[in-house]
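Quick notes on the structure that follows.
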Amino acid sequence: MSRVGVFVCHCGTNIAQTVDVERVAEAAKSFPGVVYSSTYKYMCSEPGQAMIKETIEKENLDRIVICSCTPRMHEVTFRKMLKGTKINPYQLEIANIREQCSWVHTDKEKATEKAINLARMSVAKVLLNEPLHTSSIPITKRALVIGGGIAGIQAALDIADAGHEVVLVEKESSIGGKMAMLDKTFPTLDCSACISTPKMVDVSQHPNITLMTSSEIESVGGYVGNFDVTIRQKAKYVNHDICTGCGLCETKCPTKVISEFNQGLAKRPAIGKMYAQAVPAKPVIDPNACRKLIDGKCGLCAKLCPLGCINFEDEDKLVTEKFGAIVVATGYQLIEWGELYPEYGGGKYKDVITGLQFERLVNASGPSEGHILRPSDNTEPKTIVIIKCVGSRDPKKGKSYCSRACCMYGAKHAHQILDKIPGAKVVTFYIDVRTPGKNYEEFYDNTRHDGAIYVRGRVSKIYEEDGKLICLGEDSLLARKVAVKADMVVLETAMVPAVGIRELAGMLGIAVDNHGWVTEAHPKLRPVETQTGGVFLCGVCQGPKDIPDTVAQAGAAASKVIGLLNKDSMETSPMISKVDESKCAGCGFCVKMCPYKAITLEDIDVRQGPKTVKKTVAKINGGLCQGCGACNVACRTGCIELLGFKNNQILEEVDSLCL
Amino acid sequence: MINEIKNACLKAFESGEVGYIIGWQATRFADKTTPLFMRSAEDVEKLVWNKYCVNSTAKYALEDKYPEKKIGIILRGCDSRAVARMISDKQLKRENLYLIGVVCDGKEDPICATCSHKTPVIYDVLIGQPTTEEISPERFAEVEKIAAMTPDERYNYWAVQYDKCIRCYACRNVCPACNCVECYADQYRTGWQGKAHNRAENQVYGLTRAYHVGDRCIECGQCERVCPMNLPIMSQTRKMLKDINDLFGPTECGLTIEEAPVLGEYDLNDREEFM
Amino acid sequence: MCDHNHNDPNHVCTCSDNPLVPQVCKVIKITAETPDVKTFRIQTLDGKKPFAPMPGQLAMISLLGVGEAMFSITAQGEDWIESSIKRTGMLTDALHEMTEGQTIAVRGPYGNHFPVDDCKGKDILFIGGGIGLAPVRSFIRYAIEHREDYGHLDVLYGSRSSADLVFKDDLFENWPKVEDLDVHLTIDRPEEGWNGSVAFVPAFLEQKAFDPAGKKVVLCGPPIMIKFCLQSLLKMGFSKENVITTLEMRMKCGIGKCGRCNIGSKYVCLDGPVFTMSELDELPDEK
Amino acid sequence: MSVKENWEPKILAFCCNWCTYTGADLAGLNRMKYPENVHVIRVPCSSRVNPQFIIRAFQKGCDGVMVCGCHPGDCHYATGNYYTRRRFMLMKRLLEHNGIDPNRFVCRWISGAEAAKFRDVVTQVSNQIKAMGPNEKFREPYYLEKEAE
Amino acid sequence: MLLPKEKLSEALGALAAEANVIAPVKWEGDVFFMPYKGGDVCLEGNGKLPPKDVLFPKTEKMYSYSIAKGTMTEHNDAAATILFGVRSCDAASIERLDKVFLEQGYKDGFYSAKREGLAVIAMGCDKPMATCFCTSMGIDPMKAEVADVQMCPVEGGFTVEAVTEKGKEIVKKWDSLLDKKSKAKPAKVECSLNINVPEDFEKKLMDMFESPIWDDVTKACLGCACCTYVCPTCYCFDINQDVHGDEGTAFRCWDSCMFSDYTRMAGGHNPRPSKKERLRNRYLHKLAYYKDRHGKYLCVGCGRCIANCPAHLDITAFAEKAMEVE
């Protein structure tokens, strides 16, 4: 039989006061398999550990049970201690006779009785503990950042600065995301471009960062440290290696289509940069607009281009690369308010615009060079109504959550209007004004000080009447109806997850909530990690937030990635599940149950009499399995078992309670 | 009806795709038939179709997982659900099977009274007119009868049953949902199930098996039919099915070939009673 | 109640009146023969031999709380019996972790035994493979004790490597000293420091080319070795009834009651484990 | 059935390492008091507890069994306790269908911070079972005989 | 002599005073051999389970031990029992078990203690069931092999004839109830199910070991142990340990050659891997191996395996098919 040593700790008086430790040690001698038992004042102390190590040698023990405080406290300590002995660190069990025995009971007789039971249960389990060894998986020292907004840019820069290679993938033809569209940012009112463009330039010039614009993720395989990601580089029809970005083609292109970057307030040619400060500053051709690509006519840009960079036969390219970590920074988009709010004109009135459209109007590089003009007749509006929580905090018509940043950029818009249009009248309809940040409240106060009128209530209807937009609402503080004749209305609409986030989450094996926001591993403990090892997240893709929080999260995600990539290999916990392939029937009940998608069904060759046949069995990816054990119960045969908590170990523990 | 089935079998053999077909044949006793494995045309002559064809034909296909040719099976309603069950559990491949569905006329088996699927749910060729199906009100009668007792009465009722059990494992070997490679009860090293024949071990076996198949039981009633000691095994699995019905919505197992068992799923707004 | 064949003079039986209930004994000596084979010397609590087995007979050894299994008795002395056990399963694992002085439970002796009588006056060729030498050794020791009853003795034994040779002291010291007894050793794969033969047992057997006249063969080892050795022996002219072997089968009761170890109508624990090759041919091919 | 006066029930509690076990330790840290008959088995997640362990506990002589885990949504492994919830909703009813007194098997969600809730649940279960007396149902003959001596 | 029908329960009551009487009683819808506690017995058919349980219980403690102390105590407490209402087929099965447990070089202590304390009151069989074929196996329904007292049903009661010394003592106890003058004789009875078993059928069966009929005869079998556990002559058992910390008990319990792990060896090799080999071994054991060893068929024709087989296999159908094979 194996030789078990039982060590009962006094823990000063913490245990010895209500548990007769000598009697526990004495009783332990009678348990099957126990050949030595003793007590000591402080088992976790230096001399305590030395005593244990010495006893292991002297008594030739092969497993030990320590009756002391909670394993959550010193399991790691005692396992490290065992590393120095011939016993495998996992042939150790700890009986919790302090937090769950001596500290919570008063009757010494019964507490000692319980301590003996707990010791017997631990001995019964330790007899079946097998030596376990951590296995290590290599780590590819490259990171992938998905999404080129400020979140992705900041994360990429931090990781690259730490010396690791980064690939930044952006769906649009340029990075910059929503921040590039903004004019000013609250609360400091510093110009958005002045913050983001230098970072964008750093990205393009950073030796460690490879920028892939107009690209999307096609498929993700592998696991933490060893992801193989296939990226689809959509056709640009312009050879960026030769192109110098002179812009000649852009000015000559005859077709004009609605510019998405300018939120539909202006037109753009079929070929061109997304916007002036685009990075990379090189044009691409929009295949749905270019006449040459649609019906073979024109091709003017190809003729004009001095360096012959235009190539109409360009195709999508699929690139597969290996990565150690992935950061999701896919950002957000604004809710399609048109069908949701017909009462606001449902998009018919040209002068009822969204917050981003207003940003483009007020932006110096925008379609109106910064002059706030009514999109309908380009005249300067005198009375502007701002309506907040359009789609947010509205479970029936839009989203139930608050989009967090609109109160602040609503106040900013009011400030900009009062600043740019002297004598303008700004009426802001709100439910609550939320200013949850440093200098946020003061910024809001200044705006009201500048003359912005805040009316508490929702606008119920907007209709056009002789060139004016009549906004009917109610001032719930004064309990009276309000009607404002406005020249223009700005709707601060809700943030919703970016298009395609559900498909991307599916590929990465991460979860999204019912709104589509990516689910973090734990809101407080692991806010920038996901359930899948090696996949991190930052920015609005996790939930509505403003730029300061986004940048903070980007730094946090980067530090997590750097922490991972600094190591050559990663030790996986040995307490993971293992499959006995001879008994596995390949039914797949365990596969769906794994929160980490660590189990896959694969075919193996098995000799069956004369011929070999393909048999489907479950296979576990040691890197992904976190050792929760849910699959163990899914398997009726019991052939998938969590090492350290195998079925026979727990059965012995249950049996030994009532011996 | 018998001739149509025989023709279907002959046609299957002519197609050359089918290795053998499983059906029923007469025995020396008028009130009993036994499974028949037809390999050629003349075997088809022995085929019978009467109210004593109570053996389930489906599970035999499990013993031949890598057949050269297709396995033909003549399916009543419950057998077709058994095939659907085993395909959902990935133990049988649909392409290895040639299924001859026969609309069942009810057999000499108590379960047929509460049968809700006389028409096979899966087949390659169907014989007989499909009937309208509805779930019998008596489905959970037995379970409700036991539920009406007090806990002690219930325990004594089951204690007597499990005193009778002789652990012959016929209920396991006939059940299409019991398709493990090696049953937990045969793995002594793990120690789930003792070998002793006493009430406690029988209860462990009875309850464990009920729990293993509870959310996949197709209510074919074979376990009760084969039990030599006439234990009310279906009342255990039907209790599970009744709970699944009440808690997670109406459930009937073995109706499709990609069926996700209830215990393999979860729903965020399941009933919360452990708060 | 145990009605063994009492007519055999040196048959001593101290087992209790119920053959299924073992006797508590102690392990007085454990010698590690090879990394995975140990020999256990067993004695009753009051220092006597639990029973006096005939060569080739088996004993049901059980470790209280773990399990019971059948092992061949490889040797016996004045007040002890010995059994060599290879580490293959749960019980043997536990046995291999025992220390001297610990208690063990034993019952037996079971099964028939080597045909010591009708081998009298003949030469005997003992062939062993790996742990297969253990049952054969009981007959070799018997033959040495009754040396005058038997003709020329040959011991032909092979194993995977030199470290895997069991009973090294017998092979190298004791048996070569016995007159008219030759020891032939071989290992499967070449090893430095080993100048003996390097060959599988069947091939080594054919090199030796023994003369079958008046010679009995005792052959034990893994089934694959027995199959090929038998072919070689038949090629050399041996007849099947002169080749004796022991069979391995799952056994529970050891006294022909539990019905588990039957091959055809014969019970390996009762009618065996010793069979001649001709007897085996009559049994259905279900080994 | 007269309950021997100094009889103490033996109750087994499977506690998930991340929530309930932490809650139990916290109860210890705050020196909260509860009866001595509950013995905790630590499991990584409540989804590791196989409902068959409950039958085993009653067979091997336990008088009550508890399964405790994180609140749904808080599971350290994301979806573990959703499965636990379904499994034990069904097993609890199956046990009651076979005559086990509902108060002998208790499943509760107790988070890492709810030390007081852990104490209250344990105390309540322990007192209930103490009032009910030893559990005779499903018990192995070995324990019934030992009981008889 | 004749025991009137209405005096039967009184007769049994008299015996029950001194020893425990086992009799066929209706329980939970079937007839089982159970301790007789008054009331009437049920004499139709031969009972769902055979009386073998009396001599060879489903689970039987052999010995208990303490690992630390190394002590061992045997459990062999067999009380005197009287087995009433045993049909000739079950009585023959007791004779078959005696050959196994009491002879062949070893006497099984547990079985022999129970066997010595057992008195068998055989009951002749006037209405064999549809599945009975004991006459084909050379068994006389009205004359049991190991009976201490042979009773046969006749008009108005049962003839009583003491065969052994034990039988005489029992009949003595019934002295006041017996009608000594009656000369009633039981009528000859034939089973409806008959197979004429040829001479040395076992030799032919053993030579058919490799014949192809085994494939289709065993195809429909489910591989369960139903037939072995209802069979009066199946005696296979397994020995196991029930360990509780330091104490342990070795017990023996019924086992079946039809289970997959019955012959699985430590290394995983199994000489009988599939149900075909196992059912072949079972049929051959019943109709060949036992006869080859002990001279009598192990099958006593009670028909329980035919009545209870889930797949409705039939050993007599197999026998007839085997006879056709040359």
Side-chain angles (χ1 to χ4, degrees), chain C residues 1-5 15-26 45 60 62-69 86 88-92 102-105 110 112 222-223 248-267 269-271 282-287, chain E residues 62-63 65-72 74 76 100-101 103-113 202 206 209-210 234-241 243-248 250 252 255 257 261-267 269-272 277 280-281 284-285 288-294:
Chain C
M1 278 255 293
C2 63
D3 62 24
H4 301 160
N5 40 15
C15 60
S16 77
D17 51 10
N18 190 341
L20 285 176
V21 178
Q23 258 189 321
V24 180
C25 301
K26 43 182 206 297
L45 295 183
M60 198 54 110
S62 81
L63 197 53
L64 298 183
V66 178
E68 207 176 29
K86 186 170 184 225
T88 53
M90 198 168 71
L91 174 65
T92 47
Q102 274 187 298
T103 56
I104 201 168
Y110 297 127
N112 61 4
E248 231 183 89
M249 194 71 177
R250 175 149 191 190
M251 299 180 199
K252 270 290 175 179
C253 72
I255 52 173
K257 311 283 189 217
C258 78
R260 193 171 300 274
C261 61
N262 80 307
I263 299 178
S265 59
K266 293 281 183 287
Y267 289 115
C269 73
L270 202 59
D271 311 321
E282 286 144 28
L283 298 179
D285 176 16
E286 204 181 33
K287 287 176 274 315
Chain E
M62 298 207 299
Y63 53 90
Y65 51 79
S66 148
I67 299 170
K69 296 196 246 0
T71 57
M72 184 167 292
E74 185 181 335
N76 199 354
V100 170
F101 283 107
E103 289 159 17
Q104 294 183 147
Y106 296 95
K107 184 179 286 206
D108 181 315
F110 303 103
Y111 183 90
S112 62
E202 72 280 4
M206 295 227 272
F209 195 79
E210 302 300 342
C234 267
Y235 54 80
C236 289
F237 60 85
D238 187 13
I239 295 177
N240 249 293
Q241 315 274 345
V243 186
H244 292 281
D246 177 54
E247 298 150 11
R252 126 166 115 179
D255 200 0
C257 58
D261 57 303
Y262 179 70
T263 46
R264 187 181 335 141
M265 293 194 219
H269 169 62
N270 190 342
R272 294 192 207 111
E277 292 84 13
R280 171 176 64 189
N281 176 66
L284 289 180
H285 191 207
Y289 296 153
Y290 190 90
K291 182 152 197 294
D292 176 55
R293 223 183 152 80
H294 300 292

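It should be emphasised that the depicted structure is a prediction, and the values quoted were computed from it without experimental measurement. In what follows, chains carry the letters A, B, and so on, assigned in the order in which the sequence lines appear, proteins first and then strands, with residues in each chain numbered from 1.
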Please classify the contact of [X] with chain C as side chain, backbone, both or neither, using a heavy-atom distance under 4.5 Å.
{"X": "E/Y65", "answer": "side chain"}
{"X": "E/N76", "answer": "side chain"}
{"X": "E/F209", "answer": "side chain"}
{"X": "E/H244", "answer": "neither"}
{"X": "E/E202", "answer": "neither"}
{"X": "E/C257", "answer": "neither"}
{"X": "E/D238", "answer": "both"}
{"X": "E/Y63", "answer": "side chain"}

* **Greatest number of heavy atom pairs closer than 4.5 Å to chain C - which of E/Y111, E/Y262, E/Y235, E/F101** =>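 The residue among E/Y111, E/Y262, E/Y235, E/F101 with the greatest pair count is E/Y262.
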* Asked: Pick from E/R264, E/H285, E/R252: which one has the most heavy-atom pairs with chain C under 4.5 Å?
  ->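 Heavy-atom pair counts peak at E/R264.
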Are the charged groups of [X] and [Y] less than 4.0 angstrom apart, N to O?
{"X": "E/D255", "Y": "C/R260", "value": "yes"}
{"X": "E/R293", "Y": "C/D271", "value": "yes"}
{"X": "E/D108", "Y": "C/K257", "value": "no"}

Interface moiety of [X] toward chain E, non-hydrogen atoms closer than 4.5 Å:
{"X": "C/S265", "value": "both"}
{"X": "C/L270", "value": "side chain"}
{"X": "C/A105", "value": "side chain"}
{"X": "C/C253", "value": "both"}

On a heavy-atom basis, which atom in [X] and which in [Y] lie closest, and how many Å separate them?
{"X": "E/Q241", "Y": "C/G67", "result": "NE2-CA, 4.1 Å"}
{"X": "C/L64", "Y": "E/M72", "result": "CD2-CE, 3.9 Å"}
{"X": "C/G259", "Y": "E/C236", "result": "CA-SG, 4.0 Å"}
{"X": "C/P284", "Y": "E/Y289", "result": "CG-OH, 3.9 Å"}
{"X": "C/R250", "Y": "E/D261", "result": "NH1-O, 3.0 Å"}
{"X": "C/L20", "Y": "E/I239", "result": "CD2-CD1, 4.1 Å"}

* Atom OG1 of E/T263 and atom CE of C/M251: how far apart are they, to the nearest 0.5 Å? -> 13.0 Å
* Give a yes or no on this: more than 12 heavy atoms of other residues, nucleotides or ligands lie within 6.0 Å of atom CD of C/E248. =>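 For C/E248, atom CD is not crowded (no more than 12 foreign heavy atoms under 6.0 Å).
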* Asked: Stepwise, does the side-chain contact (heavy atoms from CB on, under 4.5 Å) test hold for E/T71 with C/V24?
  -> CA-CA 7 Å; E/T71 57; C/V24 180; over 6 Å; no
* Does a side-chain heavy-atom distance below 4.5 Å link C/N18 with E/K107? ->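 SC-SC contact between C/N18 and E/K107 ruled out.
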